[in-house]
2 protein chains.
Amino acid sequence: MTKSPGAADAPERMPTIRDIADRAGVATSTVSRALSNPQRVNARTRERIEKIAAELHYVPSSQARGLSSGRTGAIAVLVPDVTNPFYFDIIRGTQNQLKAAGYTQLLVDTEEATDVELDALRKLRRTADGIILAASRLTDVQLAEAARLQPLVTINRATADAPTVLIDTPGAMVQALEHLASLGHRTVTYVGGPTSSWSTHRRWKAIEEAAARRGMDAVRVGPYSPKTSSGAAAADAALGTGASAVIAFNDLIAIGMLQRFRERGVRVPEDVSIVGCDNIFGADFCNPPLTTIASPIEQAGRTAVSMLLAQLDPLRTASARRLAVMPTHLEVRSSTGAAPAAERHAG
Amino acid sequence: MTKSPGAADAPERMPTIRDIADRAGVATSTVSRALSNPQRVNARTRERIEKIAAELHYVPSSQARGLSSGRTGAIAVLVPDVTNPFYFDIIRGTQNQLKAAGYTQLLVDTEEATDVELDALRKLRRTADGIILAASRLTDVQLAEAARLQPLVTINRATADAPTVLIDTPGAMVQALEHLASLGHRTVTYVGGPTSSWSTHRRWKAIEEAAARRGMDAVRVGPYSPKTSSGAAAADAALGTGASAVIAFNDLIAIGMLQRFRERGVRVPEDVSIVGCDNIFGADFCNPPLTTIASPIEQAGRTAVSMLLAQLDPLRTASARRLAVMPTHLEVRSSTGAAPAAERHAG
DNA sequence: AACATTGCGGCAAGCGATTGCCAAAATTTG
DNA sequence: CAAATTTTGGCAATCGCTTGCCGCAATGTT
């Protein structure tokens, strides 16, 4: 006896396709087909095989499967910062949809850095069947190259080279401006996000144009890192512009500004109005609750997954949508109010 | 000519260990060793190989590597709800540490459901080298079985069968109680979390005991789902108990309660004091800012990774820590205050 | 100088699936 | 009932890498 029977308490070997084949008295290829290509095999043998597989608690090795088939069953989701609540919503959306489709989600934080992003992308060519790239920091050329090498969908980063899910925040910026104008504001300052962010430029452009159209003044400050901690500097800078209203790149900055304004005794919205962007967790219960630009972010994540999956499926790839634009709207809460008298006279 | 040269714009085949071997004029085994077992090969040949690998932008196939070596290079992190900000901090911590160690993070949402958790665990035996199980809903037996089958570390769920990272919230509950007592509160109600949560029982027990010791009354309401939306019901129930102070299972519920209290015209902290738990994003800027139990959650994630990695490493596995307790402290903000007069007299 | 070590690299057998090709069996067709 | 098809299942080659084993060469030991 080399081993006492029953003492098999060691890291039990997992059953393989072969164990099933032996028990069923068929070849491994038949088992493989029965399990992943059901119509290729007789219904009765398939059932028998499935039964045995279930008894054995068989779980296919995605490794082996991936090696021979080329598919990995995993989709990577790249976000600039896992810390940012905005991406949480995206992650939640992708997670849901991916799980439903039987895919595994690989979560990668690119640290808002282009090189980390490129590096991850390169490594993932092997590991993932496709990529969802949120708020990419890549240049157009880099993005095109990446899209050429692997199936990819971008979120909030338009490109002709890959399907894209856009959140129409620029459109909502116009709403925000109108909202502020109707409250009597004549000048607005935009608190910009990271220079590498495609969105911040889009938003500023939208604001600039809309402001020009309605004869308002718009100035920009920044860039600021999208964190609440940037809010203090942003608030001080905004105050420096003398504007009575500010639109922030995102809610994180806006919430940070709220706190700074309080410290400095600046009342919101009496002295200054502020609108954020993204309607993140917390925007509704901060003090005062933040007027912000809301959109179905989680759905953006889900949509991105659908588009990617369509791209992966040779049958649907042709008919796949290349662009989805998520609607946005201005969620008016208490951080915006009538412009102070001084501002109105100046106008 | 079967193919026009240079027209290789198709999904380029990725270089393999073999391409490198050919160029370097060595066997694939040498390349393999040079790349993943450097001291096993001569420095000069190693350098040569590394150089060629770099030129080719070689990326090893984790699939193939995993298949032959048994290791996958991935660690799965299971959380009950990716939506919950508390887990965000954990995820951030694990993500950091895993990336630093060269591992890939697989994020899985178990939807607070035991069967989903078990199912994921089973599938992951093949896919991941180890598991980090946050706030597991498993029974002791299930957990023991899981730990037997694969390397695993739990967070906030003690068990003798696997290394554990505990956040000492019960300890902080005592602090919270003392804090409330010193403010004149005589009775406190605990708003419980999900029945399947191990933490909620631990916390209640700690409160019960501490309250008994200092002659306070403690009652429990619940269970409630850990979401802000549960706050309304929780707030109403808490009001029903007549207690002047409440300790909530977590900040999510506490923040939801804050909103409900405002709706009902109950002032915080004048009429009722409330303390949360976890110090999540938002606890500092809600209205009023929440007194809560804080701890280095992100570090808990990092520690869990370290413990798991130690377990994976045969050299360190013996010396590995089996238990880490993260310190906690009461972060006093504005949601707690002196007990209303009625309460003080009653005491 | 003869022998024992050690260092370095190659050979080849897997790891667990998938899949192209082929042949036997079952079914349809003329 | 034979020929033509279609089903069904097996064989065996891969996928890209790791690793045990072996042997040669270089170094170290008396």
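Lettering follows sequence order; numbering is per chain, from 1. In this text the structure is predicted, and so the values were computed from the model without any measurement.
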Which nucleotide in the set D:dC17, D:dC21, D:dT8 lies at the smallest distance from any side-chain heavy atom of B:A64?
-> D:dC17
Would you mind reading off the distance between B:R18 atom CZ and D:dC17 atom P, rounded to a whole angstrom?
-> 11 Å
Between A:R13 and C:dG16, is there a side-chain N or O to OP1/OP2 distance below 4.0 Å?
-> no
Can you tell me if B:T94 and B:Q105 form a side-chain donor-acceptor pair at under 3.5 Å?
-> yes
In whole angstrom, give the distance that lies between atom CZ of A:R44 and atom P of C:dA25.
-> 17 Å
B:R148 with B:E145: basic N within carboxylate O range, under 4.0 Å | yes
Name the closest nucleotide to the B:S68 side chain, picking from D:dC21, C:dT18, D:dC17.
-> D:dC17
OP1 or OP2 of C:dT18 sitting under 4.0 Å from any side-chain N/O of A:R65?
-> yes
Classify the side-chain pair B:Q142/B:D140 by whether it contains a donor and acceptor separated by less than 3.5 Å.
-> no
Minimum-distance nucleotide to A:S29 side chain [options: C:dC11, D:dC11, D:dC17] | D:dC11
DNA chain D: B:R40 or B:S61, which has the more 5' nearest nucleotide?
-> B:S61
Starting at CD of B:Q39 and ending at C1' of D:dT19, how long is that distance when rounded to a whole Å?
-> 14 Å
Between A:D119 and A:K123, is there a salt bridge with N-O shorter than 4.0 Å?
-> yes
Any side-chain donor-acceptor pair under 3.5 Å between B:N37 and B:Q39?
-> yes
Would you tell me if any nitrogen or oxygen in the side chain of B:S36 comes within less than 4.0 Å of OP1 or OP2 on D:dC17?
-> no
Does one side chain, of B:S306 or B:Q97, offer a donor that lies under 3.5 Å from an acceptor on the other?
-> yes
Round to a whole Å and report the spacing from CD1 of B:I20 to P of C:dG10.
-> 14 Å
Please determine if a side-chain N or O atom of A:S32 lies less than 4.0 Å away from the OP1 or OP2 oxygen of C:dA17.
-> no
With DNA chain C as reference, determine whether B:L67 or B:N42 sits nearer its 5' end, using the nearest nucleotide of each.
-> B:N42
Using whole Å, report how far CG of A:L56 lies from C1' of C:dG16.
-> 15 Å
Base, sugar-phosphate, or nothing for A:R46, non-hydrogen atoms under 4.0 angstrom?
-> nothing
So, is A:T30 close to the D:dT8 phosphate, meaning a side-chain N or O under 4.0 Å from OP1 or OP2?
-> no
Closest to the 5' end of DNA chain C, once B:G25 and A:Q63 are matched to their nearest nucleotides, is B:G25
For the pair made of CZ in B:R33 and P in D:dC22, what is the distance, rounded to whole Å?
-> 14 Å
Take the protein atom CE of B:M14 and the nucleotide atom C1' of D:dC17, then report the distance between them rounded to whole Å.
-> 14 Å
Out of C:dT19, C:dG10, D:dC11, which nucleotide sits closest to the side chain of A:R71?
-> C:dT19
What is the distance, rounded to the nearest whole Å, between atom CD1 of A:I17 and atom C1' of D:dC11?
-> 14 Å
